[in-house]
Amino acid sequence: MDDTRAVNFLERIIEEDVENNVYHRPVHTRFPPEPNGYLHIGSLYAINLNYNAARRFGGKFNMRFDDTNPLKEDMEYVNAIIEDMKWAGYDPGNNVFFGSDYFQMIYDLTEKLIERGLAYVCDLTPEEMHLKRGTLTTAGTNSPYRDRSVEENLTLFRGMREGVFAPGERVLRAKIDMSSPNMNMRDPVIYRILNATHYRSGDKWKIYPMYDYAHPIQDAIEDITHSMCSIEFKDHRPLYEWVLNSLDFAFPEPPKQREFGRINITGAITSKRYLRQLVSLGYVDGWDDPRLPTVKGLRRRGFTQSSIHRFLTEIGVSRDMSTVDISMLESCLRDDLKSKVGSVMAVIDPLRVTITNYEGDIEYVKVENSNVNPELGTRALPFGRHILVDRDDFMETPEKGFHRLYPGNEVRLKGAYFIKCEEVIKDDSGKVIELLCVYDPETKSGSGNVTRKVKSTLHWVHAEKNLPCDVYLYSRLLTNENISGEEADWEGAADKGSKVLMSNAVVEESLRNAAPESRFQFLRHGYFVVDIACKPGEKLRFNRIAALKESYRKK
RNA sequence: UGGGCCGUCGCCAAGCGGUAAGGCACAGGACUUUGACUCCUGCAUGCGAUGGUUCGAAUCCAUCCGGCCCAGCCA
């Protein structure tokens with residue numbers, strides 16, 4: 001980062017604090033995921049902003065697993081999250097922490113809180129508590145247990161810890177204000193009894209602190225200065241501050257919570273709950289399905305680290321909820337890839353072309369790997385009497401504006417010669433199965449002696465010397481437009497993000513030795529090829545990230 | 001409707017009292033060994049609306065309108 005100036009409102013807040021010497025410690029941010037799902041593009045947005053803020057001010061960045069609910073969390077997720085962060089370029093290094101490691105500290109502080117008369121054990125059932133909480137427009141009423149003595153509270157709380165009570169039987173509540181217009185301040189539950197094995201602390205604890213209570217303490221323990229979270233936690237800020245203020249003897253310079261607006265990507269599902277549903281119900285291959293906006297999905301879809309960084313920089317940060325068009329993400333990828341990776345020709349739906357006046361055997365033609373970056377070199381492709389072109393590059397009766405192959409029309413074959421279509425061969429059902437064309441030997445690419453022009457250039461592959469493969473066309477990300485409420489119509493949603501298998505597709509033979517994970521840009525329509533699994537026994541797979549542009553569809 | 005947050009081009013987003021950056025998308029043109037790429041050009045007399053303060057307002061004030069969040073022993 002060469003610019004030390006704040007680039008968004010959050011950094012401006014930090015900048016001001018630095019200038020005013022608010023903290024006598026370095027700027028310190030953190031990313032606190034709950035290990036209950038995989039990272040997605042929305043998580044990356046949060047990571048990016050915390051990570052960059054720390055870096056910009058020469059501060060520190062922690063990664064902390066917010067694991068205070070043993071019912072939902074699992075080691076599978078912590079490993080995946082760390083892996084994805086590293087892949088995305090936000091390596092937390094040794095600064096990986098676990099909220100659960102602070103359970104004892106939080107417990108000890110809680111006894112102090114009780115001693116200060118700021119928390120009490122409440123015996124109300126969940127239903128009773130709900131009723132007494134009041135509504136958005138009416139105040140709540142005090143719990144009958146609100147005025148228990150410190151001694152009784154301490155005894156009861158210790159009882160909770162020892163497992164004397166069953167889950168749901170008693171909770172510890174903060175004593176704040178049941179008539180607060182802010183629902184979060186109506187004596188929130190801060191500790192509950194849970195009968196579950198924590199993926200990390202095992203069965204050591206019977207009680208677990210709630211997020212609203214644990215989070216500020218965890219931040220403070222880690223010397224965090226700026227705790228940035230999404231805007232829906234704005235209402236929780238008073239509670240965050242209440243907790244740390246109540247524990248001021250332990251944290252003289254408490255961190256401050258600041259909020260940013262969430263982002264959505266058009267047509268992408270970024271809700272952990274729905275993502276989990278899709279995975280567990282089998283509508284997608286897994287968390288790494290290319291139709292998902294998860295880090296693993298994006299990676300498989302062909303996104304690069306720098307394309308994601310660029311995207312996150314481009315969209316900025318604000319307090320609003322934004323819905324970024326998916327085309328911006330795709331644009332960032334295209335921009336990154338076009339100068340870094342070469343192109344390759346592939347035929348999705350092959351149509352055989354016989355060049356009737358071509359008598360030679362196989363001839364290798366030289367093709368540039370990239371038309372924007374000469375450093376990517378050239379490759380030799382087999383050309384011969386029989387080749388394959390894409391079926392939609394031919395129209396028997398061309399519509400207006402169609403300049404590709406049609407009877408009587410001449411086009412250029414990329415890297416090879418001009419060919420003219422002379423005859424169309426059909427099968428019994430009338431389907432076009434082959435085109436008979438003639439080529440002009442004088443028009444070889446690079447020869448420089450072409451005096452006439454053609455209006456179109458086609459991609460092609462040799463009819464025999466090629467690589468058959470299965471092609472998956474992921475036309476778009478799985479959409480959430482079918483979701484309404486709890487139950488989503490995944491059948492419909494899955495159709496929208498259809499995964500189409502084209503088993504008869506063929507690619508250049510040059511791909512045979514391509515390294516796994518290498519990426520190639522299709523020579524047409526801005527398709528990108530990813531997920532090339534060249535391992536023995538596996539089939540090649542492609543996907544295209546850019547849907548056909550509207551203008552192509554119309555023409 | 002109690003409280004909180006937010007409204008600048010179709011979508012992001014700069015701007016922080018001195019006369020509306022940029023990106024994506026879109027449109028037109030040039031170029032081209034792919035209708036891609038590249039290169040030009042266009043795209044808010046307008047900043048949710050209405051009043052007000054001011055020499056001057058997207059920026060300050062008031063009212064209104066619209067959107068989002070909150071009543072888990074989830075995070």
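Below, all heavy atoms of this structure are taken into account, side chains as well, without hydrogens, waters or symmetry copies. Here the structure is a predicted model, which means the values were calculated and not measured. Just so we're on the same page: letters track the sequence lines, and every chain starts at 1.
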Short side-chain N/O contact from [X] to OP1 or OP2 of [N], under 4.0 Å:
{"X": "A/Arg186", "N": "B/G72", "result": "no"}
{"X": "A/Arg319", "N": "B/A13", "result": "no"}
{"X": "A/Lys234", "N": "B/G3", "result": "no"}
{"X": "A/Arg12", "N": "B/A14", "result": "no"}
{"X": "A/His215", "N": "B/A75", "result": "no"}
{"X": "A/Arg192", "N": "B/A75", "result": "yes"}

Over all strands shown, is [X] touching base, sugar-phosphate only, or nothing at heavy-atom distances under 4.0 angstrom?
{"X": "A/Ser180", "value": "nothing"}
{"X": "A/Ser445", "value": "base"}
{"X": "A/Val317", "value": "sugar-phosphate"}
{"X": "A/Arg262", "value": "nothing"}
{"X": "A/Lys453", "value": "sugar-phosphate"}
{"X": "A/Leu124", "value": "base"}
{"X": "A/Tyr208", "value": "nothing"}
{"X": "A/Thr135", "value": "base"}
{"X": "A/Val372", "value": "sugar-phosphate"}
{"X": "A/Ser318", "value": "sugar-phosphate"}
{"X": "A/Lys72", "value": "base"}

Checklist entry - Which comes earlier along RNA chain B counting from the 5' end, the contact point of A/Asp235 or that of A/Ile315, where each point is its nearest nucleotide? => result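 Looking at the nearest nucleotide for each, A/Asp235 comes out on the 5' side.
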Next on the checklist: Quick check: on RNA chain B, is the nucleotide nearest A/Lys444 upstream (toward 5') of the one nearest A/Arg170, or the reverse? Name the residue that is more 5'.
Outcome noted: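 On the 5' side of the pair lies A/Lys444.
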What is the base-pairing partner of [N], counting Watson-Crick and G-U wobble geometry with both distances under 3.5 Å?
{"N": "B/U53", "value": "none"}
{"N": "B/A30", "value": "B/U38"}
{"N": "B/C47", "value": "none"}
{"N": "B/G72", "value": "none"}
{"N": "B/C24", "value": "B/G10"}

Between [options], which nucleotide gets closest to the side-chain atoms of [X]?
{"X": "A/Met129", "options": "B/G2, B/A71, B/C73", "value": "B/C73"}
{"X": "A/Glu314", "options": "B/U33, B/C68, B/G23", "value": "B/G23"}
{"X": "A/Ser456", "options": "B/C70, B/G35, B/A13", "value": "B/G35"}
{"X": "A/Phe402", "options": "B/G72, B/G35, B/C11", "value": "B/G35"}
{"X": "A/Ser331", "options": "B/C12, B/G72, B/C24", "value": "B/C24"}
{"X": "A/Arg133", "options": "B/A71, B/U33, B/A13", "value": "B/A71"}
{"X": "A/Pro181", "options": "B/A71, B/G3, B/A13", "value": "B/G3"}
{"X": "A/His130", "options": "B/G7, B/C37, B/G72", "value": "B/G72"}
{"X": "A/Asn69", "options": "B/A71, B/G35, B/A75", "value": "B/A75"}

Next on the checklist: Anti or syn, where syn is a glycosidic angle within 90° of 0; which label fits B/G72?
Outcome noted: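 With its glycosidic angle within 90° of zero, B/G72 counts as syn.
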Item to check | Donor-acceptor contact present, side-chain A/Glu363 to main-chain A/Phe383, <3.5 Å | outcome: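 Side chain of A/Glu363 to backbone of A/Phe383: no pair is present.
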Item to check | B/U50 to B/G17 separation - P atoms, rounded to the nearest Å | outcome: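 About 24 Å, rounded to a whole number of Å.
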Distance only, no hydrogens: is a donor on one side chain within 3.5 Å (strictly under) of an acceptor on the other, for [X] and [Y]?
{"X": "A/Tyr208", "Y": "A/Ser100", "answer": "no"}
{"X": "A/Thr304", "Y": "A/Lys340", "answer": "no"}
{"X": "A/Ser227", "Y": "A/Arg30", "answer": "yes"}
{"X": "A/Lys272", "Y": "A/Asn36", "answer": "yes"}
{"X": "A/Asn69", "Y": "A/Tyr211", "answer": "no"}

Item to check | Nearest-Å distance for atom pair CD/P, residues A/Glu410 and B/U33 | outcome: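 Computing the A/Glu410:CD to B/U33:P distance gives 14 Å.
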Item to check | Rounded distance in Å - CD (A/Glu330) to C1' (B/C24) | outcome: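 Result: 11 Å.
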Checklist entry - Does A/Thr457 get its side chain close enough to the base of B/U33, under 3.5 Å, for a donor-acceptor pair? => result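 For A/Thr457, whose side chain was compared with the base of B/U33, there is no donor-acceptor pair (under 3.5 Å).
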Checklist entry - Ignoring hydrogens and angles, does a donor from either the side chain of A/Arg237 or the base of B/G4 sit under 3.5 Å from an acceptor on the other? => result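 No pair found.
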Next on the checklist: Would you call the rings of A/Tyr107 and A/Trp205 parallel, tilted or perpendicular, taking 30° and 60° as the class edges?
Outcome noted: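 Ring orientation of A/Tyr107 relative to A/Trp205: tilted.
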Checklist entry - Among A/Thr68, A/Val171, A/Val121, A/Ile106, whose side-chain contact (heavy atoms from CB on, under 4.5 Å) with A/Tyr191 holds? => result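 Going through A/Thr68, A/Val171, A/Val121, A/Ile106 one by one, the side-chain contact (heavy atoms from CB on, under 4.5 Å) with A/Tyr191 is satisfied by A/Ile106 alone.
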